[in-house]
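Sequence lines set the chain letters: A, B, ... in the order given, protein chains first and strands last, and positions in each chain run from 1. When reading the values below, keep in mind they use all heavy atoms of this one structure, side chains included, and skip hydrogens, waters and symmetry mates. Small disclaimer: the values here were computed from a predicted structure and weren't measured.
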Number of protein chains: 2
Amino acid sequence: MTHVKAPTTQEVVLRHLRADILTGVLPPGQQIIQESLASRYGVSRAPLREAMRVLEGEGQIIHLPHRGYFVAELDLVNMREVYRLREILESEAIRAAIPNLTDADIQAIAAMADEVGSAAASGELLAIALANRRFHFMIFEASQMPRLIRILTQLWDATDVYRSVYFSAHGSLQIIAHEHAGILDALRARDVPQAIGWQDTHRDHALISIAHQLDTLRRPVVTDR
Amino acid sequence: MTHVKAPTTQEVVLRHLRADILTGVLPPGQQIIQESLASRYGVSRAPLREAMRVLEGEGQIIHLPHRGYFVAELDLVNMREVYRLREILESEAIRAAIPNLTDADIQAIAAMADEVGSAAASGELLAIALANRRFHFMIFEASQMPRLIRILTQLWDATDVYRSVYFSAHGSLQIIAHEHAGILDALRARDVPQAIGWQDTHRDHALISIAHQLDTLRRPVVTDR
DNA sequence: AAATAGCAGATTGGATCCAAAAAGTCGCGG
DNA sequence: CCGCGACTTTTTGGATCCAATCTGCTATTT
């Protein structure tokens, strides 16, 4: 039998960090003071630093030698690059996935789409984000391309903070449901171009909303000191 | 002028690790005993572990909790995935780069192609690999897409070990020189499809050679379990 | 004799401690 | 009044030390 679990501290810290970045506890641009954060998590600096190295590799935080770690800020240019790369890579993922999709797979994906719907009904942003992510990645994972999936994971992670605002935008949930249904139909028909097309419009809607937010909101990142 | 430099130990270790993996001092599949490697580098385990976390993020080594770090092995399937992703992403890089290329850029790239040639004449494999990499990445960098460049860097890193054998294959250096010239011509003409085409055949030649090596050589990798 | 429990060694994970570098502060001189 | 420079403080980087876990072997039991 396999072990129940052995959650190493680094992974606990890593999850905690991701959550804090995602929820804005650690806002973009802010420096991460290792000592204070470590004590806040109730751990030492060693596992924290290794976790931060992981996030740095994903581009979530920036490291300046002898200066420290800072939560990455994404400007619009950067954001557009991420979305362009997603466009290219997600198209490939869908292209590779569709021939592998069994009927059972599609049923599972449809079930996840329903979960997105019920999460949307509940209004819990985090639940929506999680279910939405699962929905899309169930498709990507059928591509059987682990490296591609990992890169996509990183790209999604990088924009998680900004994407969550999209879910709270007016009317976005109906649009999302509609587009998810479109993707599902294309999957059932094994229609690669149509699936990619739906995914593209789906992504574009999110980007437009986010770009609008970034452009107008112009968050005034205060340095608390 | 900026500071001379302040090379932090982690980066020294990281470079050392990359070199050792590239040159086969640390062969694929082998476990990395932290204590012994750290003492061999003359450092403590702390910076070594942070460096390994970086390499793990790049897929160069694998981490199993409470078991250790192991140098990653790439089978042919994995290798094909890397090359497929390179095909997609390098096409995008070239597409984005060409409109940005100044004449000075192209001259610099041509100079680097010459360096590949002279390195080839000298027969130094490492020098060839380095110059070749610089040549291609000078083009990619003109894309002005930092995230794309970083992903491409990781993909190149992942296959560095295997690609170096290609340089020593019979006749490959002439082919490389020919294809580099082709790429340069396409760049001068600002011909995107042609540049991508050359890059594709260039990459395919390397992949065929590497796949052949992997297939026949059938290295007797001991099963670590 | 085979299987399993448990003991000993090795190896990783985490915490504390010390050194080095950067940022901020105060004071002196122009 | 302002700029420059040494000193202090804060924070990061690295090393050492201790605890938790895994591996391999041995002995005991059936």
Inset, instruction - Give the rounded distance in Å between these two atoms: CD of A/Q10 and C1' of D/dA20. - result: 14 Å

Inset, instruction - For DNA chain D, find the residues of residues 33-59 of chain A with a heavy-atom distance under 4.0 Å and give them by number; none if there aren't any. - result: A/I33, A/Q34, A/R45, A/R49

Legend entry - Partners meeting side-chain hydrogen bond (donor to acceptor under 3.5 Å, both in side chains) with B/R84 (sequence neighbours left out): A/E92, B/E87

Legend entry - Whichever of B/I32 and A/R67 has its nearest DNA chain C nucleotide further upstream toward 5': B/I32

Inset, instruction - Please determine if a side-chain N or O atom of B/T8 lies less than 4.0 Å away from the OP1 or OP2 oxygen of D/dG13. - result: no

Legend entry - ring-ring contact (aromatic ring centres under 6.0 Å, His included) partners for B/Y166, two or more places apart: none

Legend entry - Nearest-0.5 Å distance that lies between atom CD1 in B/I139 and atom CD1 in B/I106: 9.5 Å

Legend entry - Separation of D/dG14 P from B/L14 CG (nearest whole Å): 12 Å

Legend entry - Separation of D/dT21 P from B/H63 NE2 (nearest whole Å): 14 Å

Inset, instruction - Could I get the full list of ring-ring contact (aromatic ring centres under 6.0 Å, His included) partners for B/Y83, not counting sequence neighbours? - result: none

Legend entry - Test side-chain hydrogen bond (donor to acceptor under 3.5 Å, both in side chains) applied to A/E58 - qualifying residues, sequence neighbours left out: A/R18

Legend entry - Minimum-distance nucleotide to A/Q31 side chain [options: D/dT12, C/dT12, C/dA21]: D/dT12

Inset, instruction - Sequence neighbours left out, what passes side-chain hydrogen bond (donor to acceptor under 3.5 Å, both in side chains) with B/S122? Give chain and number order. - result: none

Inset, instruction - Calculate the interatomic distance between A/L64 atom CG and D/dT12 atom P; express it in whole Å. - result: 11 Å

Legend entry - side-chain hydrogen bond (donor to acceptor under 3.5 Å, both in side chains) partners for A/H202, two or more places apart: A/H136, A/E179, A/H180

Legend entry - Under the ring-ring contact (aromatic ring centres under 6.0 Å, His included) test, residues paired with B/F167 that sit two or more places apart: none

Legend entry - Global bending angle along the helix from C/dA1-D/dT30 to C/dG30-D/dC1, which compares the axes of five pairs at either end, to 10 degrees: 10°

